Amino acid sequence: MGILIAVLGVWFSSSLVKADSKAVTTSLTTKWSSTPLLLETSEFLSEEGQEKFWNFVEASENIKTAEHDGSDYSSYQEMLKVACQTLSPLQQNLLKFSLSLRSYSAAVQAFQQIAADESPPEGCTLFFVVHGEKTCEFDSLGNLLQAASDRPKPFLFKGDHKYPAANPESPVVILYAEIGSEEFYRQHRRLVAKAEAGEITYVLRHYIANPSKEKVYLSGYGVELAIKSTEYKAKDDTQVKDENDPIDEVQGFLFGKLRQLYPDLSEELKELRKHLVESTNEMAPLKVWQLQDLSFQTAARILTAPPVDALMVMKDLSQNFPTKARAITKTVVSSELRAEIEENQKVMCPKSNPTDLFIPLISRVMEGLHSLGIEGVSLHNVLKLNIQPSDSDYAVDIRSPAISWINNLEVDSRYNSWPSSVQELLRPTFPGVIRQIRKNFHNFVLIVDPTHETTAELLNVAEMFFSNHIPLRIGLVFVVNDSEDVDGLQDPGVALLRTYNYVAQEMDNNYAFQTVMSIYNKVKTGDQLKVEHVVSVLEKQYPYVEINSVLGIDSAYDQNRKAARAYYEQTGVGPLPVVLFNGMPFQKDQLDPDDLETVTMHKILETTSIFQRAVYLVGAELLCGLRETRFGKPNVVPRINSRILSFPSFHPQIYLFFFLIIADDSFVRPVTFWIVGDFDKPSGRQLLYDAIKHQKSSNNIRISMINNPSEEPNSQNTIVAKAIWAALQTQTSNNAKNFITKMAKEETVKALEAGADILEFAVGVGMPAGVFMGRVLCLDVLKLKKGQRAVISNGRIIGPLEDGEMFNQDDFHLLENIILKTSGQKIKSQIQQMRWIAVACNAFQVFIHVFGTLKLYFLLFSAVKLRPKEGETYFDVVAIVDPVTRDAQRLAPLLLVLNQLINMNLRVFMNCQSKLSDMPLKSFYRYVLEPEISFTAENNFAPGPIAKFLDMPQSPLFTLNLNTPESWMVESVRTPYDLDNIFLEESVVAAEYELEYLLLEGHCYDITTGQPPRGLQFTLGTSSSPVIVDTIVMANLGYFQLKANPGAWTLRLRKGRSEDIYRIYSHDGTDSPPEANEVIVVLNNFKSKIIKVKVICLTNRGQKNEDVKQDKDDVLNIFSVASGHLYERFLRIMMLSVLKHTKTPLKFWFLKNYLSPTFKEFIPYMAKKYNFQYELVQYKWPRWLHQQTEKQRIIWGYKILFLDVLFPLAVDKILFVDADQIVRTDLKELRDFNLDGAPYGYTPFCDSRREMDGYRFWKSGYWASHLAGRKYHISALYVVDLKKFRKIAAGDRLRGQYQGLSQDPNSLSNLDQDLPNNMIHQVPIKSLPQEWLWCETWCDDSSKKRAKTIDLCNNPMTKEPKLQAAMRIVPEWQDYDQEIKLLQSHFQKEKEMGTPAEIVMGWKELAEQVWCNLI
């Protein structure tokens, strides 16, 4: 005891601190109940493979009966022991990490929601569903199975667990049960027996009959405690009831324990705690010269620490920077460190943005390579290869006789005056001038159907180019009916082609083109070409010719008729018309005549710059050769296939299957083709035949076959497939190739059907029949239906191919070309360098991930280096970061956890900024992330992960923000504290948040226009509740978002106009087949889910679609936003002032994102007492829209950027009223105010208080010139005509302007009012009369008596606190305040008593009495 007193005495003697310091804790939970770790583990294993999932299900039965002491820890270890039997050490670490993150809780909850949608039978711990019919009893299953074939099969989701021994034709039995329960294992064994007997298809879905009362504590998010400006005091004077302080550790002293042990020394302990806290958390402001080198000084502090501690030091400094900054300023930066960082910055990326981890996929790649003997540097050289698809365009070869060229710049006399030297390309000209040189540098080819309605317009564009001497060689391909039975007297297309050929023979191609234009001049706008038009021109220009001899059946002018159609079909360029520039097709939306002219001119200028560069680099004498050989380049192909060029998605799971290959193992072949089809059908054999024919002309490819039979396989309908399989198993590569080539020919199949012996076609000997198992692969992995064809190349699926769709040798050539260009050649060169030819073919199976190539940087002084463990597979991790940025706050804890999970070779390069003029970090930060679940000393699960801000300084005012993944929508729950204005003088602040929704995002386009369908609405629901949420599609990127939670959801067009005008045409990223009528989306993880939807218009767009008139209740809609207890107090008073003066029924709309739990709890009570409606609206800031980081600016953004999507379409008008306003009139007058066609009306700033002239920034500079005499408007009060606002796409325009301006940090300083004022010329503002908003800061006292509303504007001159100003400026404000406080006290009494409190007089009478006192 004496020693303690002596120690305390020393501390007291030096303590100069006057106040204590406290802490902030933050937690985040899900809305749904905690899911069992056993089920989450099973979901992790299912991603590793269904076999591992089912093995775990079988083995998990032993977990409950194993010998253990019954604690959480022992059960957890038993579960891991079973789960990790087939996992590598790295995968075991990832499993533990995923359980800590609770990554698979969403997957388990998704099944729980699907089960709830099935309406589980009451009293059942598990139940079966057979084609829509439910039962809890296994004995009832037989009856349900008998009639199952009469009912449709259920839709199976991608995440469903289907037992592998399944007969595809058998009825589907879905078991909803909880793995781990005794009843589950009993029923599971029964269903397995039936599945293995081929009687059923067994599907297991998780179902927890008795969910836990606990919630899931989440991690993987950041918490920011930002220092808030106190220029205008925004603290509410309402006191919050203090709670016990759960945090009592300061610098290793457990003050909670000390207070218990020495209660008589409580005051002395308090003083010691003050000194310990304040001695390390100095917050005195720094001078400008001290700020300049903070970034370099922080890096120096990190780099002087031992490598094992460097990351921890970076985490501590960056996350607690405001209290560490003063000490950091004393750090000396060496010249070597500064020089090396500056040298590195010349070659490294300026920003680091570590957002995603692909460890599970990467680990499989690395372990696969390691098992092949590829280790160390060689392994990482392979992984660093950049194998992303290139952006280069592909062109078709235009050196075809099917093209009729109407001019030739190099030989035609009309171009004789042009210079022919390519040196002219380098001659200076004015920008945009097109050089006229006698070279065919630019080629413009029209492939058209003469009878098509757009052909005349396209030919007019070509004539314009020709007549204006644009340096274009113009070619024509007329695609007409090539049947010999059809002549020019019957078909106008054939007539025009024959006329063109006749004139070309008689005169030349140029004259023939002019004749064609004369013919089209005869066609009236809107009409189609007819034979009469052709005949009339032909008779006029060539009166002596016999029409029948040119157009009739015996015509000799059919040149290029068949060749043109063959060329068009061969090139595969898509539907007519097609325009090629140097062989590259224009997009369909570029074929509008006006756009085509502009795009072509741009292409000429673009191509000219390429030739200029070529002349400069290789010389004029080589350019001609380059020009002539450009159509032999790799991007020039004989055929363009849109399926291939769209670069299909990558499917790494297909590498899990073993296959045999037709290739010589001594040669590295970097491209693999899997040919999928029914080889006992002509279409499948033709696909295979074309692939083999192509292989004969290439040394880069190998081929494998997967049979996908159209019918149930038997000995009669699988003759060819079995023969191919047997050849692959028994023959050498060359013999197998020759044999399969014969089997793919139709004459061979006919001979076999006629009774020929298959051995007659064998090249070698010993051809036993094989067992063919490709059907399971097609159904389960490739998701192909029976008989469907596809081509798979290096993990990318092209297909399924439609019936009759051509995929020939030229398509294989294009596919090979793309694969070689993106990945094949790079990987081949790496393999050849390693000289491991023996394993090369198999090695290609695991090259499935993409890494950007890393440059070598200097790392002697400026990088943190952590070496990997020797002899093990390791990850190469490189991070580039400025240590005093938000990125560093997140990156340091992430790397610390990563270092515990994986073996890595880590290098963290410092990317420092110099000459700072402001504090780079003004916030404290915590990133909630743990590598493994933690336990208490009693071996029980520890409380969930939370963010802890310990020993925080008491002087600043803080605001709390959560940085969550993009798809999370969180809300604050169960905290009495003002999280927007945190003072730590009195209490520890415990903030609890809840994950309210997971976001479903998407992009929607109308296929007929290629544009977003403005105003289209979607709904999201389930089968039992079809409409739960709805949304509107933005014109910006066709973006939409819907709030959901884990489960299976159905996306539909909203009933009404959306459903009447549109239908869903296709969808991508969803969980239902493309041809399904309903779009099903499954949310089963915490990652972002982004889908793409295409719709097609069903109505004539020329018709004007008027809105249907609906009878609506006369409700006045008022929108407002508030954050923090003070502004919520203002908001309640504003609402009361509106209620006192407005007779029309009211509905208030509040932005939910930043409201406190206290307000959300009280508002229903207030609504009931005052008889008004309210609704909480929210919208997640879209990821593609420039993000704001300050909470106040985010709130300003919500006031203006999302008005078109925040409210239902039924709301025609909305009034925005600032929270700190007092209303003195009936707002119905404002709603009914005539806006004269403007989408919204604002009140201009007052000019009458002359002493504030120096603060009126809009009177000079940019704003004065931009407004051009218009007024600058205040955003505290405005009325929005939402129908007009949406009609003119005002929201899309505002977001577009915001996106451009907000990139500059100096723009839009007052975002909510600067943006509409900046857009005043594009989105007009109706100026409201001045009396609609009076503000003491800008308006003189004499105008106050006419004020309809009073706004408590901040005063930049006096900086008067808002609360003080309210009491002084607005006489009635305190009476309103007292009335609300009285209501709140009654609410609190009712809440504590559990019943409505007794009120002495009726509520209306009480309110009237208060109002009388006010008057």
Side-chain angles (χ1 to χ4, degrees), residues 232-242 976-978 980-981 1118 1120 1122-1143 1146 1148 1150 1155-1172 1174 1217-1227 1276 1334-1336 1344-1345 1347-1353 1360-1393 1396-1415:
Y232 297 96
K233 293 180 174 59
K235 183 187 176 186
D236 191 7
D237 60 4
T238 306
Q239 298 298 309
V240 175
K241 188 176 177 181
D242 197 5
Y977 301 104
D978 184 354
D980 196 45
N981 300 283
I1118 297 175
S1120 195
S1123 177
H1125 286 191
L1126 176 64
Y1127 274 86
E1128 288 175 351
R1129 181 178 173 186
F1130 284 134
L1131 178 59
R1132 289 187 287 265
I1133 292 170
M1134 180 273 285
M1135 294 164 60
L1136 188 57
S1137 72
V1138 174
L1139 289 162
K1140 296 294 186 185
H1141 293 91
T1142 304
K1143 303 296 182 279
L1146 288 164
F1148 290 97
F1150 306 115
L1155 292 177
S1156 71
T1158 308
F1159 184 89
K1160 288 181 285 189
E1161 185 182 35
F1162 175 71
I1163 194 66
Y1165 184 84
M1166 184 178 176
K1168 182 179 179 183
K1169 294 299 181 182
Y1170 283 103
N1171 191 29
F1172 64 83
Y1174 77 94
V1217 184
D1218 242 351
D1220 60 346
Q1221 267 183 276
I1222 297 294
V1223 175
R1224 290 181 161 184
T1225 190
D1226 191 334
L1227 287 181
W1334 184 90
C1335 166
E1336 186 187 64
K1344 183 176 179 181
K1345 59 181 179 291
K1348 295 182 177 181
T1349 70
I1350 295 177
D1351 187 73
L1352 301 173
C1353 303
E1360 183 180 14
K1362 187 84 71 170
L1363 202 56
Q1364 180 182 319
M1367 297 176 185
R1368 181 183 58 79
I1369 296 171
V1370 187
E1372 64 266 34
W1373 192 90
Q1374 293 188 60
D1375 295 297
Y1376 286 144
D1377 192 30
Q1378 289 303 314
E1379 183 173 341
I1380 293 294
K1381 285 182 176 178
L1382 184 60
L1383 179 63
Q1384 287 177 310
S1385 67
H1386 279 284
F1387 169 68
Q1388 198 61 36
K1389 286 180 184 177
E1390 291 187 14
K1391 182 181 174 185
E1392 292 171 359
M1393 297 171 59
E1398 183 179 349
I1399 301 177
V1400 177
M1401 63 180 73
W1403 186 256
K1404 289 186 178 179
E1405 290 83 357
L1406 179 65
E1408 287 173 5
Q1409 181 173 318
V1410 174
W1411 183 242
C1412 291
N1413 293 337
L1414 185 155
I1415 297 172

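Remember, it's a predicted structure, so these values are computed and weren't measured experimentally. Values reported hereafter were calculated over all heavy atoms of this structure, with side chains retained and with hydrogens, waters and symmetry mates removed.
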Practice task
Side-chain contact test, heavy atoms from C-beta onward, threshold under 4.5 Å: evaluate it for Val1217 versus Leu1227 and give yes or no.
Solution key: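 A side-chain contact exists here, since the closest heavy-atom pair is under 4.5 Å.
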
Problem - Side-chain touch Val1370/Tyr1376, heavy atoms, less than 4.5 angstrom - result: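 No; the side chains remain at least 4.5 Å from each other.
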
Exercise for the section: Would you sort out whether Asn981 and Tyr1127 count as a side chain to side chain contact (heavy atoms under 4.5 Å, CB included), showing the intermediate values? Expected result: CA-CA 11 Å; Asn981 300 283; Tyr1127 274 86; 6.0 Å; no

Handout entry: Minimum heavy-atom distance Phe1172-Met1166, with the two atoms named
Key =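 Closest approach of Phe1172 to Met1166: CE2-O, 3.5 Å.
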
Handout entry: Taking every non-hydrogen atom, the tightest pair across Ala1219 and Ser1120
Key =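 What the structure gives for the nearest pair is N-OG, 3.6 Å.
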
Quick check for you: to the nearest 0.5 Å, what is the distance between [X] atom [atom1] and [Y] atom [atom2]?
X       : Y       : atom1 : atom2 : value
Leu1155 : Asp980  : CG    : CG    : 11.0 Å
Leu1352 : Met1134 : CG    : CE    : 11.5 Å
Trp1373 : Gln1378 : CH2   : CD    : 9.0 Å
Asp1377 : Phe1130 : CG    : CZ    : 9.0 Å
Leu1383 : Arg1132 : CG    : CZ    : 9.5 Å
Tyr1170 : Leu1136 : OH    : CG    : 4.5 Å

Residues two or more places apart in sequence or in another chain: which of them pass side chain to side chain donor-acceptor pair (under 3.5 Å) with [X]?
X       : result
Thr1349 : Gln1221
Asp1220 : Lys1362
Glu1161 : Lys1391
Lys1344 : none

Problem - salt bridge (charged side-chain N to carboxylate O under 4.0 Å, His left out) against Glu1336, all qualifying residues, sequence neighbours excluded - result: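 With neighbours one apart ignored, the set is Arg1368.
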
Exercise for the section: Could you tell me whether Glu1372 and Lys1140 have a side-chain N and a carboxylate O separated by less than 4.0 Å? Expected result: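 No.
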
Handout entry: Set of side chain to side chain contact (heavy atoms under 4.5 Å, CB included) partners for Thr1225, sequence neighbours left out
Key =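 With sequence neighbours excluded, Thr1225 shows a side chain to side chain contact (heavy atoms under 4.5 Å, CB included) to Glu1229, Trp1332, Lys1348, given in chain and number order.
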
Practice task
Begin with the C-alpha distance, continue with both residues' side-chain angles, and end with the deciding distance and a verdict on side chain to side chain contact (heavy atoms under 4.5 Å, CB included) for Phe1387 and Lys1169.
Solution key: CA-CA 10 Å; Phe1387 169 68; Lys1169 294 299 181 182; over 6 Å; no

Exercise for the section: For side-chain hydrogen bond (donor to acceptor under 3.5 Å, both in side chains), just list the numbers for Glu1128 and Ser1156, CA-CA rounded to whole Å, side-chain angles, deciding distance to a tenth of an Å, and then say yes or no. Expected result: CA-CA 8 Å; Glu1128 288 175 351; Ser1156 71; 2.6 Å; yes

Problem - Ring geometry between Tyr1174 and Phe1150 (parallel below 30°, tilted from 30 to 60°, perpendicular above 60°) - result: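 Ring orientation of Phe1150 relative to Tyr1174: tilted.
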
